[in-house]
K.L.:
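Below you will find the structure I want to go over with you.
Nothing here was measured: the structure is a model prediction, and the numbers come from that model. In what follows, every chain begins at residue 1, and chains take the letters A, B, ... in the order their sequences are listed.
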Amino acid sequence: MVQHLNWDPATISRIARKHLDQEGALLPVLHSIQTEFGHIPPDCVGQIADLFNVSAAEVHGVLSFYPFFRSTPPGRHTIQICRAEACQSMGSRLLERHAKLTLGIDFHQTSADGEFTLEPVYCLGNCACSPSIRVGTQIFSHVDSARFDALIDDLQTNILEVK
Amino acid sequence: MTTIYIPRDTTTISLGADKLADEIVNFAADKQLELSIIRNGSRGLYWLEPMIEIETSAGRIAYGPVMIEDINYLMTSVMASASANVYTDHPLYLGLTEDIPYLRDQQRLTFARVGIIDPLSIEHFLQHGGFQGLKHALTKKPAEIVVDITDSGLRGRGGAAFPTGIKWQTVLLTESDQKYIVCNADEGDSGTFADRMIMESDPFSLIEGMIIAGLAVGATRGYIYLREEYRLAQQVLEQAIHVAEEHHYLGEQVHGSGHEFRLEVRMGAGAYICGEETALLDSLEGKRGMVRTKPPVPAVAGLFGKPTVVNNVLSLATVPVILARGSQFYKDYGLGRSRGTIPLQLAGNVRHAGLVEVAFGISLRKLVTYFGGGTRTGKPIKAIQVGGPLGAYLPTAQWDTPLDYEAFTDIGAILGHGGVVVFDDTVDMAEQAQFAMEFCAIESCGKCTPCRIGSTRGVEVLEKIRQGTQREKNSQLLIDLCETMELGSLCAMGGMTPFPVLSAFNNFREDFFQSLERDGEI
Ligand SMILES: Cc1cc2nc3c(=O)[nH]c(=O)nc-3n(C[C@H](O)[C@H](O)[C@H](O)COP(=O)(O)O)c2cc1C
Ligand code: SF4
Ligand code: FES
């Protein structure tokens with residue numbers, strides 16, 4: 001689990017300036033902002049546009065094109081379920097249904113307690129040990145419904161410990 | 001002192017390799033053992049992972065798959081036995097790693113070092129033939145390097161199989177103040193992980209290939225466009241680039257040669273279409289990943305309008321061995337116009353999933369039975385999808401096709417990036433066809449109508465066929481729609497989605513017509 005900061009314009013400028021000597025630096029800047037804040041706050045789009053000398057519409061166009069960039073804060077854990085073929089061949093469709101039922105949310109949604117965000121992903125390069133899921137940046141192999149439940153349990157217990 | 005290898009690539013870590021390493025360290029500390037632990041990459045025998053190896057005078061001995069609860073017994077036995085006669089009775093004992101038939105019967109050229117060395121040790125890399133290709137390249141003129149690559153017969157391993165030498169020649173001959181080498185590490189095809197393995201397990205081979213490409217065409221800057229999902233690969237690559245800079249292989253002077261070459265990793269953001277080379281370039285420029293119309297080809301006007309080599313990870317990582325051992329050596333593998341070796345990835349419902357690098361020409365049947373060992377579920381194989389989400393589903397009748405670019409084209413299929421996904425007889429091929437359309441609808445860049453609208457219509461039509469609504473009419477509609485997509489799309493996203501759809505429809509018709517016809521309804 002990653003702890004995200006609240007955003008402020010000074011931090012955005014600081015992040016952007018680190019990248020300005022790179023060619024075509026918009027994506028690296030957006031990545032850095034999302035790493036820091038967990039999402040790209042819509043209110044900072046204008047500021048990013050100014051830094052790059054482009055219109056806010058253009059930045060927005062880029063943001064909306066890429067599924068990875070999000071405009072709202074994610075839950076404490078982002079769970080991605082692989083929907084692609086190698087995972088399908090080992091039962092990922094069942095897993096997908098089970099996950100949605102268990103968490104009570106659909107893809108692109110966050111549970112009411114702010115604990116979990118569920119996202120689809122199309123291959124994690126872990127196709128030899130499918131079905132695969134990713135929690136944050138950690139990848140898990142051979143995930144069936146039982147393993148999924150155990151994992152969710154684990155994630156929730158860990159939070160209690162931290163508290 | 002005993003040396004023990006514990007792998008650390010994404011899949012082995014997902015199977016518990018990191019915890020295993022921690023436990024082995026604890027065990028050694030506990031028992032006051034002198035143990036040297038090397039975290040190697042994975043050999044890609046994934047059903048045996050985590051596979052640990054013990055160095056002996058006879059060679060490396062493998063045990064796997066090793067679970068935490070095996071450590072005590074295994075390590076005690078291993079440590080108790082004399083170095084060469086290691087403990088052979090253990091149920092996890094696999095013998096000499098090199099003699100495991102799955103590995104022994106491959107021809108690993110691109111993957112020669114993968115799983116053997118510590119990915120971040122430049123000393124290991126050098127001991128195992130690393131930078132030999134670069135050494136030769138530095139004695140050659142740019143045009144001579146290009147000739148070597150052309151003569152080797154190397155064709156792009158990213159999917160389109162375009163001759164690499166011809167692409168390089170174009171960039172070499174195009175005058176410009178700046179040229180680029182761009183590595184396509186977007187590896188979006190489901191069922192593929194060979195690029196990831198190279199980047200995580202032998203990153204210097206990719207770096208070496210990119211430096212050689214730079215020397216060959218006169219480019220001083222390189223980018224690795226890496227998919228966001230590959231965070232471990234990012235870490236390893238960035239560390240490897242740092243090490244290569246410290247050892248002056250990258251930077252102002254490549255190995256004191258007076259040639260400059262700098263390298264940077266750039267992350268994608270979850271869009272499959274950014275694997276298409278021109279969409280990738282737009283993305284690198286900081287834009288939406290929209291496919292460009294060709295001409296001009298990237299080799300003439302690519303990144304920021306400059307001449308650019310765009311090559312897949314595997315193509316670039318194969319360049320060093322060609323320079324080191326000669327184009328003839330490489331060309332002697334393979335057949336027809338498919339020369340050299342191809343790293344195939346056995347994935348999905350297959351018992352022995354993993355990386356199989358062999359000379360072109362092996363049959364699909366041999367690959368999935370001899371290497372793959374049949375399905376993981378033990379049920380009969382029904383279909384095999386080769387070449388990612390845009391590749392055809394092949395029925396039994398086509399499994400004797402040799403893995404060769406032309407042979408696959410002839411049956412309306414592709415080899416693509418070498419992904420081989422196995423399905424058992426519980427698969428519903430109509431559901432797979434519908435998913436192919438859905439995937440296209442989700443990932444389309446939206447530039448052309450047949451792809452953007454056609455795929456959404458495709459999902460609807462397939463739903464109707466599966467429900468049994470006006471079956472004749474909708475089947476015809478599906479076929480027409482596929483033809484429109486094939487002919488009217490700018491790139492292979494829309495142009496090849498019909499491959500999986502129609503191969504499923506034509507070869508597994510019974511799956512589409514399961515429900516009774518409900519004619520008369522719309
Ligand atoms: C929809 C689409 C997705 C693609 N994805 C990839 C990819 O993930 N990796 C890759 O190397 N090539 C991919 N390609 C092929 C590239 O466009 C291009 O042919 C390749 O990068 C050239 O390198 P090569 O000649 O070394 O194969 C894709 C093509 C299309 C149409
Ligand atoms: S075929 Fe699809 S992905 Fe390719 S350019 Fe057209 S709309 Fe974009
Ligand atoms: S298809 Fe799911 S990890 Fe590759």
K.L.:
Using heavy-atom distances under 4.5 Å, tell me whether B/Ser283 contacts chain A through its side chain, its backbone, both, or neither.
P.N.:
both
K.L.:
Of the backbone (N, CA, C, O) and the side chain (C-beta and beyond), which part of A/Phe140 lies under 4.5 Å from a heavy atom of chain B, both, or neither?
P.N.:
backbone
K.L.:
Would you call the rings of B/Tyr180 and B/Phe304 parallel, tilted or perpendicular, where under 30° means parallel and over 60° means perpendicular?
P.N.:
tilted
K.L.:
Using a strict threshold of under 4.0 Å (side-chain N to carboxylate O), is an ion pair present between B/Asp186 and B/Arg227?
P.N.:
no
K.L.:
Below 6.0 angstrom between ring centroids: does that apply to A/Tyr122 and B/Tyr272?
P.N.:
no
K.L.:
With chain B, which of A/Pro67, A/Ser64, A/Ala84 has the greatest number of heavy-atom pairs at distances under 4.5 Å?
P.N.:
A/Pro67
K.L.:
Quick one about B/Thr11 and B/Arg196 (side-chain donor to acceptor, distance below 3.5 Å, no hydrogens or angles considered), yes or no?
P.N.:
yes
K.L.:
Of the backbone (N, CA, C, O) and the side chain (C-beta and beyond), which part of B/Thr192 lies under 4.5 Å from a heavy atom of chain A, both, or neither?
P.N.:
backbone
K.L.:
In terms of heavy-atom pairs under 4.5 Å, which option from A/Gln34, A/Arg134, A/His142, A/Gln138 contacts chain B the most?
P.N.:
A/Arg134
K.L.:
For A/Arg83, is it the side chain, the backbone, both or neither that has a heavy atom under 4.5 Å from a heavy atom of chain B?
P.N.:
both
K.L.:
Given heavy-atom pairs under 4.5 angstrom as the criterion, report whether the side chain, backbone, both or neither of B/Val420 touches chain A.
P.N.:
neither
K.L.:
So what's closer than 4.5 Å to chain A heavy atoms on B/Gln345: side chain, backbone, both or neither?
P.N.:
neither
K.L.:
Under 3.5 Å, side chain of A/Ser111 to main-chain N/O of A/Phe116, donor-acceptor pair present?
P.N.:
yes
K.L.:
Sort A/Glu58 into side chain, backbone, both or neither according to what part of it lies under 4.5 angstrom from a heavy atom of chain B.
P.N.:
neither
K.L.:
Of all heavy-atom pairs between A/Thr117 and A/Gly75, which one has the smallest distance, and what is that distance?
P.N.:
OG1-N, 2.5 Å
K.L.:
Taking side chain as everything from C-beta outward and backbone as N, CA, C, O, which of these in A/Val121 sits under 4.5 Å from a heavy atom of chain B? Side chain, backbone, both or neither.
P.N.:
side chain
K.L.:
Using a cut-off of under 4.5 Å for heavy-atom pairs, which of B/Arg221, B/His352, B/Glu187, B/Gln385 has the most such pairs with chain A?
P.N.:
B/Gln385
K.L.:
Give the member of B/Phe435, B/Tyr46, B/Trp47, B/Phe439 that has the highest number of heavy-atom pairs under 4.5 Å with chain A.
P.N.:
B/Phe435
K.L.:
Please flag which part of B/Glu443 lies under 4.5 Å from any non-hydrogen atom of chain A: side chain, backbone, both or neither.
P.N.:
side chain
K.L.:
Given that the side chain runs from C-beta out, which part of B/Asp424 has a heavy atom under 4.5 Å from chain A: side chain, backbone, both or neither?
P.N.:
neither
K.L.:
Let's test your reading of the structure: which of B/Gly268, B/Gly289, B/Ala194, B/Ala383 forms the most heavy-atom pairs below 4.5 Å with chain A?
P.N.:
B/Gly289
K.L.:
Let's test your reading of the structure: which of A/Cys127, A/Cys129, A/Ser132 forms the most heavy-atom pairs below 4.5 Å with chain B?
P.N.:
A/Cys127
K.L.:
Measure across B/Ile414 and B/Leu390 and return the closest heavy-atom pair with its distance rounded to 0.1 Å.
P.N.:
CD1-O, 3.9 Å
K.L.:
Quick one: of B/Ala353, B/Gly44, B/Ser190, who has the most non-hydrogen atom pairs under 4.5 Å with chain A?
P.N.:
B/Ser190
K.L.:
Tell me, side chain or backbone of A/Thr137 under 4.5 Å from chain B's heavy atoms, or both, or neither?
P.N.:
side chain
K.L.:
Where on B/Ile442 is there a heavy atom nearer than 4.5 Å to chain A: the side chain, the backbone, both, or neither?
P.N.:
side chain
K.L.:
Ignoring hydrogens, what is the shortest heavy-atom contact between B/Ala433 and B/Ala504? Give both atom names and the distance.
P.N.:
CB-CB, 4.1 Å
K.L.:
Please flag which part of B/Glu228 lies under 4.5 Å from any non-hydrogen atom of chain A: side chain, backbone, both or neither.
P.N.:
both
K.L.:
Which one of B/Val422, B/Val350, B/Val421, B/Asn349 has the most heavy-atom pairs closer than 4.5 Å to chain A?
P.N.:
B/Asn349
K.L.:
Do other residues, nucleotides or ligands put more than 12 heavy atoms under 6.0 Å from the NE2 atom of A/His60?
P.N.:
no
K.L.:
Taking NZ, NE, NH1 and NH2 as the nitrogens, is one of them in B/Arg8 or B/Glu200 under 4.0 Å from a carboxylate oxygen of the other?
P.N.:
no
K.L.:
Quick one: what part of B/Ile273 sits under 4.5 Å from any heavy atom of chain A, side chain, backbone, both or neither?
P.N.:
side chain
K.L.:
Looking at B/Pro50 and B/Leu15, what are the two nearest heavy atoms and their distance?
P.N.:
CG-O, 3.6 Å
K.L.:
With the threshold set at 4.0 Å, does a side-chain nitrogen-carboxylate oxygen contact exist between B/Asp177 and B/Lys306?
P.N.:
yes
K.L.:
State whether the number of non-hydrogen atoms from other residues, nucleotides or ligands found under 6.0 Å of A/Asp106 atom CG is greater than 12.
P.N.:
yes
K.L.:
Sort out for me which of A/Arg93, A/Gln80, A/Gln22 touches chain B most, counting heavy-atom pairs under 4.5 Å.
P.N.:
A/Arg93
K.L.:
For B/Pro7 and B/Glu49, work out which heavy atoms get closest and say how close.
P.N.:
CG-OE1, 3.3 Å
